[in-house]
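We name chains A, B, ... by the order of the sequence lines, and we start the count at 1 in each one.
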Amino acid sequence: MVKMKELANRLKELEDQLVICIKCGMCQSVCPLFDRTRREADVARGKLALLDGLGKNLFTNPDGVNERLNRCLLCGSCAANCPSGVNVVEIFIKARAILAEFKGLSPAKKLIFQKMLSNPETFDKLTEWAGKFQNIFTKKDKNAQGTSCARVVSPLFGDRHFLPMSDKPFHSSKPYTKNSSNISEESTSKTTSIPSFTTSSIINTNAGKSGLKVAFFTGCIIDKIFPHIGQDVIDVFEFHGVGLYIPTGQGCCGIPALASGDMKSFEKLVEYHIKLFNEEKFDYLVTACATCTSTIKKLWSSIYKGNASRTREKIKELSHKTLDINQFLVNKVRLLSNDASFEDNAIVKNNAVFKDNGKSKSIETVTYHDPCHLKKSLGVFKEPRILIKASGNKLVEMEGCDKCCGMGGSFNLYHYDISSEIGQIKSKNIADTNCSTVATGCPACMVQISDMLAKNNLDIKVCHPIELYAKTLRNKQLS
Amino acid sequence: MTTQGVIGELKKIVGADNVLTQKEDMVTYSYDAAVLDPVVPSAAVMPENSEQLGQIVKLCSDNKLPITVRGAGTNLSGGTIPSSRASIVLLTGKLNKILEINEADMYAVVQPGVVTATLAAAVEKKGLFYPPDPGSQAVSTIGGNVAENAGGLRGLKYGVTKDYVMGVSFFDSMGEHVKSGSRTVKCATGYNLTGLMVGSEGTLGVLDEIILKLIPLPKARKSMVAVYKTIEQASETVAAIISSRIVPATLELLDNFTIRAVEAYSHAGLPIDAGALLLIEVDGHPAQVAEDGLKVEELCKTFGAVDVKVATNDSERDKIWAARRSALSALAKLKPTLVLEDATVPRSKIPAMVKALQEIAVKYKIEIGTFGHAGDGNLHPTILTDKRNKEEWHRVELAIEEIFDRALALGGTLSGEHGTGLAKAPFLAKETGLSSIIFSRRLRKALDPHGILNPGKITG
Ligand SMILES: Cc1cc2nc3c(=O)[nH]c(=O)nc-3n(C[C@H](O)[C@H](O)[C@H](O)COP(=O)(O)OP(=O)(O)OC[C@H]3O[C@@H](n4cnc5c(N)ncnc54)[C@H](O)[C@@H]3O)c2cc1C
Ligand code: SF4
Ligand code: SF4
Ligand code: SF4
């Protein structure tokens, strides 16, 4: 009881944020979880009421509230739609941290977060190992997504289709770079990018014709499951004469730790990366992962409370400089032909260029899934579409393009059934467009969508918009 | 049977997954959108079909266990706050099927848990129109709309929910299945029980199926926004438009306080020094729309509008209505607690009501933003406060009572669309007189002798 009072006191720090909820219930219209279960405890209004109740000492133990709080995709759909501007995701994350501290992390989570994730080097080693060995455990399906079914029978794995871990993660591959003037006939000789494989960076080139230099935050999923996206990023930046800095030793952005309420690991990761990216000067920090971008841009500054020297100031600076890769390419460099305008007519023109070159054969019908962490969290939804069209592809919209795919990070692990139910709706909407490819700006969504499409035996490729654009650039080069 | 026994039986009817009893879940069914104190029930049950629904009502009837039906829980009068710990909440979330959309006869049959906007979109796909559009339509349920007689922006021309309910079936307090109304435009058999069920807030029966009238989708529409120096000029325009026999589909008013809030929130370029804005949409046949549109524009200018902007395309139209739609959000962001009132007056009394609201705000030193359906006399004075500030909250309560008094003095009603529930029950006598309350209580007693249907609501 005394302990519960203590907990109630700790939750008081959320009170000012909680009272903003006017209980209007409008969040029910967008919550992917509520859509399936119709249960009030699954929607933001219910969870906020539970936190309020915990703060008012309504419960004899925190477990029931904790369990319900964790049944959430942290997709932010509710926050983006809330008429009262309740910062739902931030409240939930802070509450998870308070509860985790109160209850203590489970030993498994402690191992994962405090021993592995917060220590990029061990994490890398472990997953490299897992990547090499998992082919033995799982059989490769022949499908467009390149997923494989779990062969080891495990209650956690069920019948899910894994994307195999790459046997060579991005950070240990030797990315291919050359002087960008070789790639692009339009690029001027101002380019001075010299590949430099120092020990501290995978790549570090100077700004080229764009006059810009970018640091790239790889993120775990690209590093470990989609390393080829990393290579695409390098190629595209070279083509556009953008200097690129990718320091080695990068880790996780911290969202899995945060979602589990592990503040210690989160803060350790933030401090680590702030230091890491402090080593070099650059104009923008770019990521190709919606979740990483929104974590770095929003959560690092709103959640980090540590007091490592100047870290908070530096987080602010970095957050201002952080951009999603679609956003960066569309707004900061000129896509393809030197067209200054990025409106649709420019893209039509771009398409015309393709046709003139006779390179239009590979035009694909692409549909785009809006990752919650791009559209709802950061308001980025036009740019990926522009990039897809600028790649010469035909964009078809699916129904509910901005409805969550159901991944929600660890939500998928702990609530796979419901996560799949949500994912199946996405899969159907994708299939209904008759597209050959579905693109999305979040590798986490790519994993979930691949799993769902594979389950339905659908022959649809899953990719990141940057892959399409890089492919187009390569074709163009060949012409 | 004990409550525990009933819960066991409930599980047999709907399956254990559809019965919730843990304290944590109960807390989430203890409130709705009204600013009132929560009450925690002992169980919540979610039937998946009519048969289960009927069995649940029968079970509760046999055991005299009170039931509060809950749709989306967005009502603003406390209609879904359980009566006591010894009661259950009946959730309609899984009774959400559109059973039929009949294009030839222009009606729809739905289960009570269908979300209003889902139905509106489904019928629109077939070129038909279900006009009632409460601000909560993205989440509110048809059952909740019927039980509250919900209105919306289109009330002026198209009426409110009651104008579209052709028939209902429901389970009465004994668990008997009762049908009323029909799929025909005309129906003259029996009492008009359908009419009785509309606005009954779950106190006379549990709605099971609803037959709704649909109409053809209007072919054309035209939106405009008129800017006024004073709110009086705007309200005079409203009266003038109506008296010149034009009935716009929507005729909405935003006062200066709301304009400034919306502008601060959305930077839409609204004139922050304007005393009021009128947002108007006419719809119907293209020729009529063009003619009415011009007339309305002229009237706005005659009555002092300094500027009238007519939307020339869909995106301009959307911009106009975005301002109205964000009114509540913009106001909500100013203070933690928001009390959305809906006292309504005959539309010719709008200028007087607007003046009364301004006086009340000054008198009780509180902030009131006023916007709403000026065309049908249904303003939404929105009080911004912080319930934690006891002293201010007391002033707010006094102000609300005075809003009621002033509206009644002008020949109006306590609530145009939000219902009586718990919030307005204590004030109902002021409007209807005691005998009408006693009549209602007798009616209830006869139909629900054990008082198991949403006790405490409407008649106190
Ligand atoms: C942001 C916001 C905007 C709003 N705008 C408007 C507006 O413009 N116009 C308007 O009129 N209202 C408005 N409302 C109020 C509210 O949305 C309406 O009253 C709506 O009809 C309630 O629907 P619901 O599904 O949420 O019902 P609930 O709140 O769940 O229930 C309302 C009442 O209906 C009863 N009930 C529900 N289902 C059944 C059933 N199957 N059988 C018997 N009784 C049942 C309940 O017991 C309760 O008494 C607004 C509310 C909010 C929060
Ligand atoms: S939409 Fe926002 S204010 Fe409304 S209930 Fe949900 S969280 Fe609360
Ligand atoms: S974050 Fe997503 S899943 Fe969680 S309550 Fe909000 S909308 Fe629902
Ligand atoms: S996986 Fe993608 S869509 Fe799903 S919650 Fe995360 S960011 Fe959103």
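- Of the residues considered (A:Gly53, A:Gly64, A:Cys27), A:Gly64 shows the highest number of contacts with chain B, using heavy-atom pairs under 4.5 Å.
- Here the straight-line distance linking atom OG1 of B:Thr74 with atom CE of A:Met26 works out to 8.0 Å at 0.5 Å rounding.
- Proximity to chain A is limited to the side chain of B:Leu20, based on heavy atoms less than 4.5 angstrom apart.
- For B:Val115, the part sitting under 4.5 Å from any heavy atom of chain A is the side chain, from C-beta outward, and nothing else.
- Of all the heavy atoms in A:Ala49 and B:Tyr31, the pair that sits closest is CB-CE2, 3.5 Å.
- Proximity to chain A is absent for every atom of B:Asp386, based on heavy atoms less than 4.5 angstrom apart.
- Shown here for A:Arg45 and B:Asp32, the closest heavy-atom pair between the two residues is NH1-C, 4.3 Å.
- Per-residue counts of heavy-atom pairs under 4.5 Å with chain A were compared for B:Ala138, B:Ser136, B:Ala72; the largest is that of B:Ala72.
- Counting non-hydrogen atoms of neighbouring residues, nucleotides and ligands closer than 6.0 angstrom, the NZ atom of A:Lys12 exceeds 12 such neighbours.
- Atom CD of A:Glu399 has 12 or fewer heavy atoms from other residues, nucleotides or ligands within 6.0 Å.
- Note that the CZ atom of A:Arg38 and the OG1 atom of B:Thr92 stand 9.0 Å from one another [nearest 0.5 Å].
- Residues A:Pro83 and B:Leu328 have side chains not in contact (no heavy-atom distance under 4.5 Å, counting atoms from C-beta outward).
- Across A:Gly46 and B:Thr28, no two heavy atoms sit closer than the pair O-CG2, 3.7 Å.
- Judged purely by atom type and a 3.5 angstrom limit, B:Lys23 uses its side chain to pair as donor or acceptor with the backbone of A:Leu58.
- Counting non-hydrogen atoms of neighbouring residues, nucleotides and ligands closer than 6.0 angstrom, the NZ atom of B:Lys97 exceeds 12 such neighbours.
- At least one donor-acceptor pair under 3.5 Å links the side chain of B:Tyr29 to the backbone N or O of A:Glu40.
- For A:Leu48, no part lies under 4.5 angstrom from a heavy atom of chain B.
- Chosen from B:Met46, B:Arg70, B:Arg388, B:Lys94, the residue pairing most often with chain A at heavy-atom distances under 4.5 Å is B:Arg388.
- Annotation: maximal heavy-atom pairing with chain B below 4.5 Å, among A:Lys47, A:Arg68, A:Glu67, occurs at A:Arg68.
- A donor-acceptor pair is defined here as one N or O able to donate and one able to accept, closer than 3.5 Å; no such pair exists between the side chain of B:Lys333 and the backbone of A:Val86.
- Rounding to the nearest 0.5 Å places CG of B:Leu76 at 9.5 Å from SG of A:Cys24.
- Between B:Glu24 and A:Asn61, the closest heavy-atom pair is OE2-O, 4.4 Å.
- Within a 6.0 Å radius of NZ in B:Lys335, other residues, nucleotides and ligands contribute more than 12 heavy atoms.
- Counting heavy-atom pairs closer than 4.5 Å to chain B, the top residue among A:Asp52, A:Asn81, A:Leu50, A:Ile22 is A:Leu50.
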